[in-house]
> 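Before I ask anything, here is the structure I am working with.
For ligands, and for the atoms within them, numbers begin at 1 and follow the listed sequence. Note that the coordinates shown come from a computational prediction; the quantities given were computed from them, not determined experimentally. In this chain, numbering begins with 1 at the start of the sequence shown.
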Amino acid sequence: MPATPEIGMVVVQPTAFCNIACTYCYLPDRSNKHVIAQSTVTRLFEEIFASGWSCPELTVVWHAGEPLVVPVAFYEEAFATIERLRPPHLVVKHSFQTNGILIDADWCRLFKQWSVGVGVSLDGPRELHDLYRKTRSGAGTFDKTVAGIRILRANEVPFHVISVLSKASLDMPKELLDFYLSEGIDQVCFNVEESEGDHVSSLFHGPALRQRYAAFLKTFWHEARRNGGVRFVREIDLALPRVFRPEGAPVRNIQVEPLAMLNVDSHGNVSSFSPELLGLKNETYSDYLLGNIHLNSLAEIHQACLASPLYRDICEGVQACSVACDYFSVCGGGAPVNKLFENGSFTGTETSYCTLTQMVPTDLILEAYDRLERRWAEGPADLVSPPLFPSGPTAAQPPRMP
Ligand code: SF4
């Protein structure tokens with residue numbers, strides 16, 4: 001753990017409000033239309049840049065509820081402020097996670113001007129997407145989201161999609177791939193429907209989930225690589241450098257480092273660790289809040305974090321993971337929020353979430369690499385068939401066993 005914070009990501013909730021009402025949404029405050037003030041953005045980034053704790057490349061994620069319900073003009077002003085405050089040696093990269101419904105040419109102009117990373121929540125073809133992603137009156141949102149994606153493509157704005165996998169879609173990897181290809185979607189991320197906040201997933205507690213998800217991901221990964229039309233599968237492509245890494249290089253888990261993820265709501269309240277904790281209520285952990293950016297310096301917030309029961313219990317959970325789990329070297333102790341929701345405590349270890357996001361991808365990568373090594377012995381032509389590791393291991397980077 002670094003002696004001083006290394007802030008890698010700032011997650012800002014410009015508003016808790018969302019314009020739709022997905023049935024699996026866990027956000028408790030999604031009807032609250034309060035919008036963050038420009039003065040809060042200014043104060044936040046003055047503190048971050050003055051602290052000297054920012055990583056050389058700082059990602060700012062505008063997320064939760066729906067960030068595009070706040071007008072383009074708001075972000076133009078906020079981005080200009082951050083740019084004015086930014087020390088010249090730092091790079092700031094903005095990113096949005098959106099349901100895509102409000103995307104138009106003005107948004108595309110903003111995205112392009114500031115090279116914004118855009119993620120669109122889209123659960124696949126209509127029959128999958130409209131099962132859960134609904135308007136406040138209960139209608140499906142597929143047509144509106146796909147319209148947004150087509151506007152992004154028409155304006156040549158790069159984007160990825162995040163698809164929540166449900167009971168039905170877990171059995172449909174090829175159908176999902178065909179759908180992404182048909183819509184020109186070449187970067188995809190999967191989230192399995194989780195139990196978070198008030199939402200209880202029926203899927204997460206099924207005994208066969210690990211096997212079903214492994215089968216899904218393996219088929220999708222291999223078929224996507226074979227086809228070549230989808231160039232980024234987050235679950236594999238972000239796991240590859242964690243599994244194959246230089247000797248002695250530690251894996252960083254910013255969800256367990258104090259202030260490595262700085263999460264700020266529309267009132268300036270600050271939390272750290274898993275961003276999903278921000279907005280949840282809890283007496284023991286003071287609603288997971290560490291201070292308010294209008295009332296406290298970042299140094300004070302850091303001290304509050306180090307002294308908090310929240311940090312103490314997260315550390316205990318990481319320590320338990322380091323002793324108990326064969327995957328610790330690629331995971332670094334997991335996602336505190338999922339330990340809390342699934343196990344009722346930060347101090348435990350394994351969750352369904354970490355099984356799916358850490359163990360399954362690691363197993364699939366090592367299994368494929370083993371097969372590749374066996375084939376390699378038979379002749380170099382087999383190295384590229386199929387090209388499962390486009391940016392991954394070479395003979396000089398042996399796999400690091402978890
Ligand atoms: S995979 Fe799960 S049990 Fe293992 S280190 Fe990560 S969170 Fe802990």
> Does E46 come within less than 4.0 Å of R43, counting only side-chain N to carboxylate O?
no
> Any ion pair linking R225 and D237 (charged N to carboxylate O, less than 4.0 Å)?
yes
> Below 4.0 angstrom, N of the basic side chain to O of the carboxylate: do R210 and D363 qualify?
yes
> Hydrogens and angles aside, do T357 and E235 bring a side-chain donor and acceptor to less than 3.5 Å of each other?
no
> Flag the pair F96 / L68 as yes when at least one side-chain heavy-atom distance between them is below 4.5 Å, and no otherwise.
yes
> Should Y369 and F244 be marked as a ring pair (Phe, Tyr, Trp, His ring centres under 6.0 Å) after you check the CA-CA gap, both sets of side-chain angles, and the distance that decides it?
CA-CA 10 Å; Y369 190 83; F244 301 103; 5.2 Å; yes
> Could you please tell me which protein N, O or S atoms lie under 2.8 Å from atom 4 (Fe) of ligand 1?
C325 SG
